[in-house]
Amino acid sequence: MRALPWGILYLAASPALVPPCPTDLPGFQDWHERTTRAFFASNLEGEILVEIATTLRRCSPQLEAVPAARKCMSNFSSFFEAVTRDKLVSGHQMGASIPDEQYFSEMPYPEMLELPAELKDQELLRWLDENDDASITSALSYIDGINATIPDPRLQWIAFIYTSQHLPTPDGTRSLGRFFVYVPRKDFDQYIQFGLQQDPAGKPPNGVSVVAVQKTAAGTGEVLKIPRARLKDFWRKRDGGRIEIGTRLDETGIAENCYTCHKQATLPITPDPLEFDEARFGEKLNLVNARMASHGALDLDGFTRSAYGPPMGPRTSPLRTPEFLAACSAGRVAPERLARLGEAMQCATCHDGHVRGELNYPSGIHAQPQGGTLVSFYVVNHKKMPLGATDLSEPERHALVECLNAEYYRGFGDQPGILQAWMLEEDCWREAMR
Ligand code: HEC
Ligand code: HEC
């Protein structure tokens, strides 16, 4: 997905169409409630976000003047500000509160967002462009050669190739192949992947990206209780035989909000099973996924995760009644299995922001470029979630996805969903309007 300059369209809208801002408490309550309901009646993505955020910004002087309204709209305001920052605030295409330039350059260990010099080696980069069996074998042996110089096995690199089931590189080349390299260091770990073109006639991909996990505090070297993460896209340029690596932002002017999908900064790798060489790379893949999972929940520099809403699938929820479960599962689940369905919805026992990144907006609705959402992939296609559940049938897994989304976004009867209730802050308004 690319960030489009929606703001420009809106600035160009005729002022005659712009309704006046509310100016008092009842006015704001009415506007807040109507806007929230309209949002939840929409597809919840795209232009409507920008429309609401733009109005909110326009009316912020009036809102500042009514402190009680500002208080009861704080979840609403922080949500729309966070999810539209990439489109509405220039220089913040990553969606972080830190400007993009600073996000990429100012951090405790600036090397953590740079590619190791070894991975800019021209021979290696050419092998990746050639991308046949022999060149990939050479590239993998090159990494083995680096490892021969690293005595500590825990600091050795791990490299393999796989095909993504979820998304092509963000460079328009439709490349699903990946050359993946895990580079562990004492202070930070890097998870790096180069796009590989699997269509021999296709253009070689530009995309290279990194998820970097900071494990220690700079200066003291003390181990961080909660590691921190940053993400970055690079861009390969082929210029008269040389392959240079710049950043995607510098080369294309485009960056995007990685947190839309990377709710856990390190996303487990689930290769396309039809393409994956399990015998050759299976063990390496498992090792890398285990290292990623071992970080626990990660803090993302520049992101206030709570602004994207509470986690989906809490342990308990007032909505999760037998009537609700029967309705959201739409006949896919036998009545005697509905209680089990309700129990399987407790994703936030792990995805709670402590054990693991919380699945908040737009989890469950944001489609991957290859179709499906990460939630539907993990629950239905990969059958990996809920972790350890082996007793759920295919229809029950489909129902689980539907019910999680219904509970979070759509609500039931006249009860709002979890995200909507959080945004409406009805208790606060009741108190304020007394
Ligand atoms: C549309 C969803 C989506 C967006 C947006 C997204 N990613 Fe990912 N990313 C994934 C998925 C899913 C994986 C797991 C591997 C796979 O299935 O392809 C992944 C894996 C990765 C990996 C390999 C390490 C790991 O965590 O598995 C890197 C590096 C990466 N992404 C970087 C980025 C960067 C940088 C951005 C933002 C500029 C970004 N991604 C935005 C979905 C996304
Ligand atoms: C017992 C703990 C646990 C429960 C319960 C659980 N998960 Fe997970 N989830 C994990 C772990 C651990 C991983 C990483 C798996 C790996 O490394 O392969 C994960 C990964 C995921 C991912 C990959 C992307 C990400 O953000 O981490 C998704 C999506 C996901 N789970 C969805 C769900 C959904 C939906 C539910 C509820 C139906 C659920 N999980 C319940 C522990 C759990």
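Order of appearance sets the numbers: ligands from 1, and atoms from 1 within every ligand.
- Here is the list of ligand 2 atoms found below 4.0 Å of a heavy atom in Val375: 35 (C).
- Where the criterion is an N or O separation shorter than 3.5 Å, residue side chain and backbone included, Lys263 fails it with respect to ligand 2.
- Close approach to Val379 involves these atoms of ligand 2, each under 4.0 Å from a residue heavy atom: 35 (C).
- Atom-to-atom distance recorded for Asp129:CG and Leu196:CG is 9.0 Å, nearest 0.5 angstrom.
- For atom 22 (C) of ligand 1, the nearest protein heavy atom (residue, atom name, distance) is Gln193 NE2, 3.2 Å.
- The cationic group of Arg178 does not satisfy the cation-pi geometry with Phe194, failing either the under 6.0 Å distance to the six-membered ring centre or the 45° limit from the ring axis.
- Taking the six-membered ring for Trp, Phe40 and Tyr409 have ring centres at least 6.0 Å apart.
- Shortest contact from atom 17 (O) of ligand 1 to any protein heavy atom: His166 ND1, 2.4 Å.
- Counting atoms of ligand 2 from 1 in the listed order, those under 4.0 Å from a heavy atom of Thr349 are 5 (C).
- Using a 4.0 Å cutoff on heavy atoms, Glu256 counts as a contact of ligand 1.
- Atoms of ligand 1 found under 4.0 Å from any heavy atom of Tyr162, numbered from 1 in the order shown, are 15 (C), 16 (C), 18 (O).
- The nearest N, O or S atom of Tyr378 is not closer to atom 8 (Fe) of ligand 2 than 2.8 Å.
- Contact annotation: for Arg178 versus ligand 1, there are no heavy atoms closer than 4.0 Å.
- Considering backbone and side-chain N/O of Arg356, one or more are found under 3.5 Å from N/O of ligand 2.
- The distance from ligand 1 to the heavy atoms of Leu374 drops below 4.0 Å at these ligand atoms: 12 (C).
- With 2.8 Å as the limit, Cys350 does not count as an N, O or S neighbour of atom 8 (Fe) of ligand 2.
- Not a single N or O atom of Ile269, backbone or side chain, sits closer than 3.5 Å to an N or O atom of ligand 1.
- Ring geometry for Phe160 against Tyr162 counts as tilted: the plane angle lies between 30° and 60°, on a 0 to 90° scale.
- Ligand 2 places these atoms under 4.0 Å from at least one heavy atom of Gln264: 26 (O), 27 (O).
- Near Lys232, meaning under 4.0 Å from one of its heavy atoms, ligand 1 places the atoms 35 (C).
- Ranking the protein heavy atoms by distance from atom 26 (O) of ligand 1 puts Leu267 N, 2.9 Å first.
- Scanning all protein heavy atoms for the shortest distance to atom 40 (N) of ligand 1 gives His262 NE2, 2.9 Å.
- Neither the backbone nor the side chain of Val401 comes within 4.0 Å of ligand 2, counting heavy atoms alone.
- Taking every heavy atom of Ala344 and a limit of under 4.0 angstrom, the matching atoms of ligand 2 come to 37 (C), 38 (C).
- Relative to the six-membered ring of Phe104, Lys232 meets both conditions, a distance below 6.0 Å and an angle of at most 45° to the axis.
- Comparing heavy-atom distances from atom 16 (C) of ligand 2 across Cys261, Pro386, Pro268, Gly357 singles out Pro268 as nearest.
- Between Tyr308 and Tyr259, a ring centre-to-centre spacing shorter than 6.0 Å is recorded.
- Taking every non-hydrogen atom of Ser209 and a distance limit under 4.0 Å, the qualifying atoms of ligand 1 come out as 28 (C), 29 (C), 30 (C), 32 (C).
- For ligand 1, the atoms closer than 4.0 angstrom to any heavy atom of Cys258 are 34 (C), 35 (C), 36 (C), 37 (C), 38 (C), 39 (C), 41 (C).
- Taking every heavy atom of Thr266 and a limit of under 4.0 angstrom, the matching atoms of ligand 1 come to 26 (O).
- For ligand 1, one of its N or O atoms has an N or O atom of Ser164 under 3.5 Å away.
- Using a distance-only test at 3.5 Å, with no hydrogens or angles considered, a donor-acceptor pair links the side chain of Asp100 to the main chain of Gln93.
- Close approach of ligand 1 to Tyr191 (heavy-atom distance below 4.0 Å) involves ligand atoms 24 (C), 29 (C).
- For ligand 2 and Cys347, the ligand atoms under 4.0 Å from any heavy atom of the residue are 34 (C), 35 (C), 36 (C), 37 (C), 38 (C), 39 (C), 41 (C).
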